[in-house]
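Before I ask anything, let me first share the structure, which is written out below as structure tokens.
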Amino acid sequence: MPANLPPQYFEVEKKYREAKVPQEKLVYLQELLSIIPKHKGTEKLQAELKTKISKLKDAISKQKKSKGAGGTWYQVEKQGAGQVVFVGLPNTGKSSLLNALTNAHVDVALYPFTTNLPQVGMMEFEDIKIQIVDTPPLHDDAPPWLFGLYRNGDILVIVLDALADPHKDFATINSALNNKNIFLESHEFGDIKNGFIVLNKIDGRHNATVINSFISKHQDIFTIISVSATNAEGIDLFKREIFSQLKIIRVYTKKIGHPIEKRNPVVLKQGTTLIDAAEYIHKDFKKNLKFARLWNDAGYSGQRVEKNHVLNDGDIVEFHV
Ligand SMILES: Nc1nc2c(ncn2[C@@H]2O[C@H](COP(=O)(O)OP(=O)(O)O)[C@@H](O)[C@H]2O)c(=O)[nH]1
Ligand SMILES: [Mg+2]
């Protein structure tokens with residue numbers, strides 16, 4: 001056992017041992033993996049945790065197939081090009097924003113705690129769909145699975161109410177997350193969870209001085225977007241920021257001798273090379289790939305590119321195998 005594990009590790013390990021539901025155990029294992037300092041001395045432990053995680057995931061999916069899992073534990077299976085999870089205090093407009101971004105129709109109410117379970121909608125962004133998860137409000141007695149949803153999301157969107165006190169509310173959210181070893185800012189322990197802040201209800205009578213001071217305090221570290229679920233102000237910007245923070249690219253394939261059709265892109269991670277894309281699309285492609293031709297708005301019009309060429313969003317690729 002490496003001696004240099006942070007104290008949080010042992011706290012979470014204890015919770016892991018005490019957890020009763022497999023899904024809850026899984027969340028703690030993932031938390032442990034994010035806490036471990038990443039260096040040579042912990043490689044073995046990291047590998048052990050990864051094995052445990054994949055075994056537990058297998059067991060959970062088998063259990064789901066055989067019979068509905070017991071206990072109250074909610075998770076949202078990923079769909080589409082990425083999963084975005086909302087984080088926010090009661091009544092900040094999370095459900096209203098889910099409705100504004102997607103075709104979902106979830107309940108919106110004047111009183112807090114209307115959303116007790118995760119609600120999911122698909123957001124159309126140009127030619128892809130991105131999954132948006134609306135969550136119950138974060139508060140002291142929030143269920144452990146809520147943090148599992150946060151941890152599992154590709155990015156978090158912190159929803160603040162511009163008509164309340166964003167300084168105080170953001171501090172509350174940050175400390176609740178930090179208590180569960182989820183960090184939005186760089187920190188000694190744990191990985192950083194990517195995400196950004198939206199200030200909702202900007203249509204209302206907000207205090208401009210408070211809003212401006214909040215923005216100038218945090219804008220070096222976070223993207224902050226002012227929006228209104230009510231009148232759709234800022235919603236297009238919000239959608240574009242979601243796409244950009246997911247760090248994905250859309251790649252279109254073209255058949256040899258056929259015209260270009262920019263439809264049904266493959267969604268890949270930023271930084272993906274031609275050979276990785278080939279592998280993703282078809283195993284045989286990777287084995288047999290000779291080169292590819294590339295078209296894009298950045299000046300390629302069918303030039304030849306090699307296997308280690310890094311692809312960009314919007315690239316059109318013709319594989320030669
Ligand atoms: N003025 C204004 N009110 C909003 C906006 N978005 C939500 N609300 C109101 O805020 C309350 C809480 O909204 P809801 O979406 O249920 O919040 P949630 O608890 O975070 O899901 C409701 O009365 C909404 O009508 C907005 O952009 N502007
Ligand atoms: Mg709600």
Side-chain angles (χ1 to χ4, degrees), residues 72-76 83-124 130-153 155-177 180 182 184 193 195-212 214-215 218 222-242:
T72 30
W73 190 272
Y74 300 96
Q75 58 190 1
V76 177
Q83 188 185 66
V84 179
V85 178
F86 285 173
V87 179
L89 302 182
N91 250 6
T92 53
K94 297 178 293 303
S95 300
S96 306
L97 286 171
L98 175 71
N99 290 339
L101 293 175
T102 72
N103 297 323
H105 296 285
V106 300
D107 287 345
V108 170
L110 276 165
Y111 47 88
F113 304 105
T114 314
T115 314
N116 293 315
L117 298 176
Q119 309 277 346
V120 184
M122 296 304 287
M123 174 183 103
E124 295 197 7
I130 295 169
Q131 187 183 42
I132 313 287
V133 183
D134 175 26
T135 56
L138 181 54
H139 60 96
D140 286 344
D141 299 316
W145 54 260
L146 180 60
F147 298 93
L149 290 181
Y150 296 162
R151 196 171 287 287
N152 203 41
I155 59 166
L156 300 179
V157 171
I158 314 297
V159 180
L160 300 177
D161 183 342
L163 307 180
D165 182 346
H167 285 286
K168 180 166 150 275
D169 294 348
F170 185 57
T172 305
I173 288 172
N174 234 334
S175 79
L177 292 177
K180 304 287 182 197
I182 297 172
L184 302 170
K193 191 83 203 172
F196 63 101
I197 299 173
V198 300
L199 284 165
N200 186 36
K201 309 194 189 181
I202 206 71
D203 60 286
R205 288 166 152 268
H206 54 275
N207 182 330
T209 316
V210 171
I211 297 300
N212 290 336
F214 179 82
I215 292 173
H218 296 286
F222 296 101
T223 298
I224 305 171
I225 298 181
S226 300
V227 303
S228 163
T230 306
N231 71 11
E233 188 182 336
I235 295 296
D236 283 343
L237 211 63
F238 186 7
K239 289 185 180 179
R240 187 151 290 282
E241 187 62 23
I242 287 175

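We count ligands from 1, going down the list as the structure has it; atoms in each ligand are counted the same way.
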#### Entry: Winner among N99, N200, I202 once heavy atoms are compared against atom 6 (N) of ligand 1
N200
### Query
Got an N, O or S from S96 under 2.8 Å of the Mg ion (ligand 2)?
no
### Query
Looking only at non-hydrogen atoms, which of G88, S96, P90, A100 approaches atom 13 (O) of ligand 1 most closely?
S96
## Note on the structure
Smallest heavy-atom separation, P136 atom then Y150 atom, equals O-OH, 4.4 Å
### Query
Quick one: does V157's side chain get under 4.5 Å of L97's, heavy atoms only?
no
#### Entry: Nearest heavy atoms of I202 and A162, plus distance in Å
CD1-CB, 4.0 Å
#### Entry: N or O contact, A229 vs ligand 1, cut-off under 3.5 Å
yes
#### Entry: G204 N/O under 3.5 Å from ligand 1 N/O
no
### Query
For S228 and D203, which heavy atoms make the closest approach, and how far apart are they?
OG-OD1, 2.8 Å
### Query
T230 to ligand 1: N or O pair under 3.5 Å?
yes
### Query
Numbering the atoms of ligand 1 from 1, which are under 4.0 Å from a heavy atom of S228?
27 (O)
### Query
Who pairs with L163 by side-chain contact (heavy atoms from CB on, under 4.5 Å), at least two apart in sequence or on another chain?
D161, K201, H206
### Summary
Sorted by chain and number, sequence neighbours left out, ring-ring contact (aromatic ring centres under 6.0 Å, His included) with F170 holds for F214, H218, F222
#### Entry: Per-atom contacts of ligand 1 with D203, taking only distances under 4.0 Å to non-hydrogen atoms
1 (N), 2 (C), 26 (C), 27 (O), 28 (N)
